[in-house]
K.L.:
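Below are the structure tokens for one structure; questions will follow.
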There are 2 protein chains.
Amino acid sequence: MGVTIYDVAKEANVSMATVSRVINGNTNVKPATRQKVLTAIDELGFRPNAVARGLASRKTTSVGVIIPDISNLFFAELARGIEDIASMYKYHIILSSSDQQKTKELDLLDNMLEKQVDGVIFMGSSVTSDHIEAFNQANVPVILAATVDDTEQLPSVNIDYYEAMKDAVTYLSEQMDQEAVGFVTSPLNAKINDMKRQGYVDAIKASGLAFNEDYIYPGDDSYQSGLDAANYFLKQQHPPKAIITSSDEMALGVIHGAQDHGVSVPNELSVIGFDNTRLANMVRPTLTSVLQPMYDIGAVSMRLLTKLLRGEEIEQEQVVLPHRIVERDSTNA
Amino acid sequence: MGVTIYDVAKEANVSMATVSRVINGNTNVKPATRQKVLTAIDELGFRPNAVARGLASRKTTSVGVIIPDISNLFFAELARGIEDIASMYKYHIILSSSDQQKTKELDLLDNMLEKQVDGVIFMGSSVTSDHIEAFNQANVPVILAATVDDTEQLPSVNIDYYEAMKDAVTYLSEQMDQEAVGFVTSPLNAKINDMKRQGYVDAIKASGLAFNEDYIYPGDDSYQSGLDAANYFLKQQHPPKAIITSSDEMALGVIHGAQDHGVSVPNELSVIGFDNTRLANMVRPTLTSVLQPMYDIGAVSMRLLTKLLRGEEIEQEQVVLPHRIVERDSTNA
DNA sequence: CTGAAAGCGCTAACAT
DNA sequence: ATGTTAGCGCTTTCAG
């Protein structure tokens, strides 16, 4: 624009320091002076230059968000949670999609650090030692959202994927009496997928069933791979009587795939999704799903970051949010 | 971090000006010198401070994106288009959701301008004169994406909503012989909704049908309002034989609502959605929909912005992208 | 091809 | 309560 703090100072007959105090809400300003300055600001249409402020104060009030794919419903919801809390605390979001590519993730981090973000929220497929090193080098807090790191060195917000999956399988097997349960995995987050898989295996065994590798289908998180999974399972000699998927979108695929095979859900096949996105209500039969509070994960991550940024007390750096099964019509209650 | 251009200069035995030249790719540097500097940068782990750069150069290589709601599939897709092109041109995105609230939109714009964004992409419900004024005051280019402004004062990227809706209704009435067509509106963008509505009315009249206000149901863009719309229409004495909605999500609602009433789609009722989101494939019957290229709208908007920013030649500031009807199983072809 | 010096617009001691 | 004075880390003339 051109109008600076200096112009305002002249207009209001004060020093630039006083103007600075006013725009920063410093209390040490006589009300009359403040008013004079405010008037001048208004008349001149002064807008403080956040870049200059950032340089002088070494704080930018902006945080970087690295997300696998903003067009994915799951992450978009999470992003919204981050955003709402960020704006509540007057932070801005610099948002970039990484497509889960490690190089891109690291590059984005670097770019964001160049922009002097005050902190970073990271969502990604896996946290390698390269990641950890980069995060440590960052000199600003980094928080993992819906992303697991074995070493637990970084603050993070997640649900207990192992228990969640175990609960889901148990829920299913309780109503089915020793019937096979299929599992459609997702490559989205390597570690999380491992935890889910382990939960699945343990629950299967706990319910007295034999674990069978054939009952695991590697999905890619898309609707189409749900369709494919249904096809895969239903062509087996002893198809599972229930299928649990790693995401709702794949669950819809499974349901429709089953219906295409003339298999009725939930009578002949129970299906349970994961995440409890809005999709769960947008299918017939409606989808039973493991609720993962995406919005909350985002919101809590951002809240945690603000605490770190303001030096507030942190009780727990590894936050585990509750999950639960939301029963709908794709399973027999 | 602490390591500055000055440290690098000392380490490489050159002046900071030379270091600056190297990191800016200025050609006027002897290869040997460049190499020395590069080595020093590497050894010291120097990371240029984009904030300082921004202050000195008056360019931040970041653009503001004001979006109604990032968790909405439609906008998320659009955002992805923006992002991909932005990252291709080395721009960063500052992203904020406005929930279509005018005050919030204007506030966000202001904040982004304080951050000295080089340009803005705006998506919103309506462009009032206050908006126009604010945009003009901005001193950086503002582009409307999937957002219509009557006055055509601002560069924008859209489809022809009027024609698109007209096409959809014509498509429907051609296969139905004088049957009524219902329309579920959306409040998302006031002006766009008007255009769609006008397209609907004109097409109805053109096909020799009488226009009937009862055949328009005011939706709110949610799945639930699609359900409600189906309920509303099917309880009428002469229910429409086809329904066109302003979004795919509402169309799913209509389909399921109809099925709940025992009405078969498409045999007894044709349904056509709008936007052709991924949702269109995730329902049975699959949904015929008017394709609106969200990703492209985002991508083209961002590309247009980069042109404006680099002073490149612009042929047309009001870009109208093509639409078309994607036929699936919710209508009788 | 390289260096010196003057800012960019603001914050943050330090004075007064 | 208010003013003065250094920078923040970099770009950008202007010299040479």
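A note on names: the letters A, B, ... follow the listed sequences, proteins ahead of strands, and every chain is numbered from 1.
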K.L.:
Under a 3.5 Å cutoff, is there a donor and acceptor pairing between the side chains of Y89(B) and R310(B)?
P.N.:
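No, no side-chain donor-acceptor contact under 3.5 Å.
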K.L.:
Can you see if the side chain of T18(B) gets near the phosphate of dG3(C) - specifically, an N or O under 4.0 Å from OP1 or OP2?
P.N.:
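Yes, such a contact exists.
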K.L.:
Pick out which of P68(B), S126(B), S98(B) makes a side-chain contact (heavy atoms from CB on, under 4.5 Å) with E105(B).
P.N.:
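The residue from P68(B), S126(B), S98(B) that satisfies side-chain contact (heavy atoms from CB on, under 4.5 Å) with E105(B) turns out to be S98(B).
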K.L.:
Does a donor on one side chain and an acceptor on the other come within less than 3.5 Å for Y161(A) and N193(A)?
P.N.:
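Side chains of Y161(A) and N193(A): no pair found under 3.5 Å.
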K.L.:
Out of curiosity, M88(A) CE to R303(A) CZ, how far, rounded to the nearest 0.5 Å?
P.N.:
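One gets 9.5 Å once the value is rounded to the nearest 0.5 Å.
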K.L.:
Once you round it to whole Å, what is the distance between P of dA1(D) and CZ of R34(A)?
P.N.:
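Result: 10 Å.
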K.L.:
Any chance you could list the contact pattern along nucleotides 6-16 of chain D? Use B for base contacts, S for sugar-phosphate-only contacts and - for none, protein heavy atoms under 4.0 Å, 5' to 3'.
P.N.:
-BBBBBB----
K.L.:
Can you name the one residue among D150(B), N158(B), T147(B) that meets side-chain hydrogen bond (donor to acceptor under 3.5 Å, both in side chains) with K191(B)?
P.N.:
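It is D150(B); the other options fail the test.
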K.L.:
Give a yes or no on whether K10(B) atom NZ has more than 12 heavy-atom contacts from other residues, nucleotides or ligands under 6.0 Å away.
P.N.:
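Result for NZ/K10(B): open.
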K.L.:
For S20(A) and N24(A), test the side chains for any donor-to-acceptor distance below 3.5 angstrom and give the result as yes or no.
P.N.:
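Side chains of S20(A) and N24(A): pair found under 3.5 Å.
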K.L.:
Within this structure, what is the CG-to-C1' distance between N28(B) and dG3(C), rounded to whole angstrom?
P.N.:
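It works out to 14 Å between those atoms.
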K.L.:
What's the angle between the local helix axes at either end of the helix from dC1(C)-dG16(D) to dT16(C)-dA1(D), using five pairs per end and rounding to 10 degrees?
P.N.:
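Inter-axis angle at the termini of the helix from dC1(C)-dG16(D) to dT16(C)-dA1(D): 30°.
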K.L.:
Sort out for me which residue in L304(B), L305(B), I297(B) forms a side-chain contact (heavy atoms from CB on, under 4.5 Å) with S301(B).
P.N.:
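Only one option passes, and that is I297(B).
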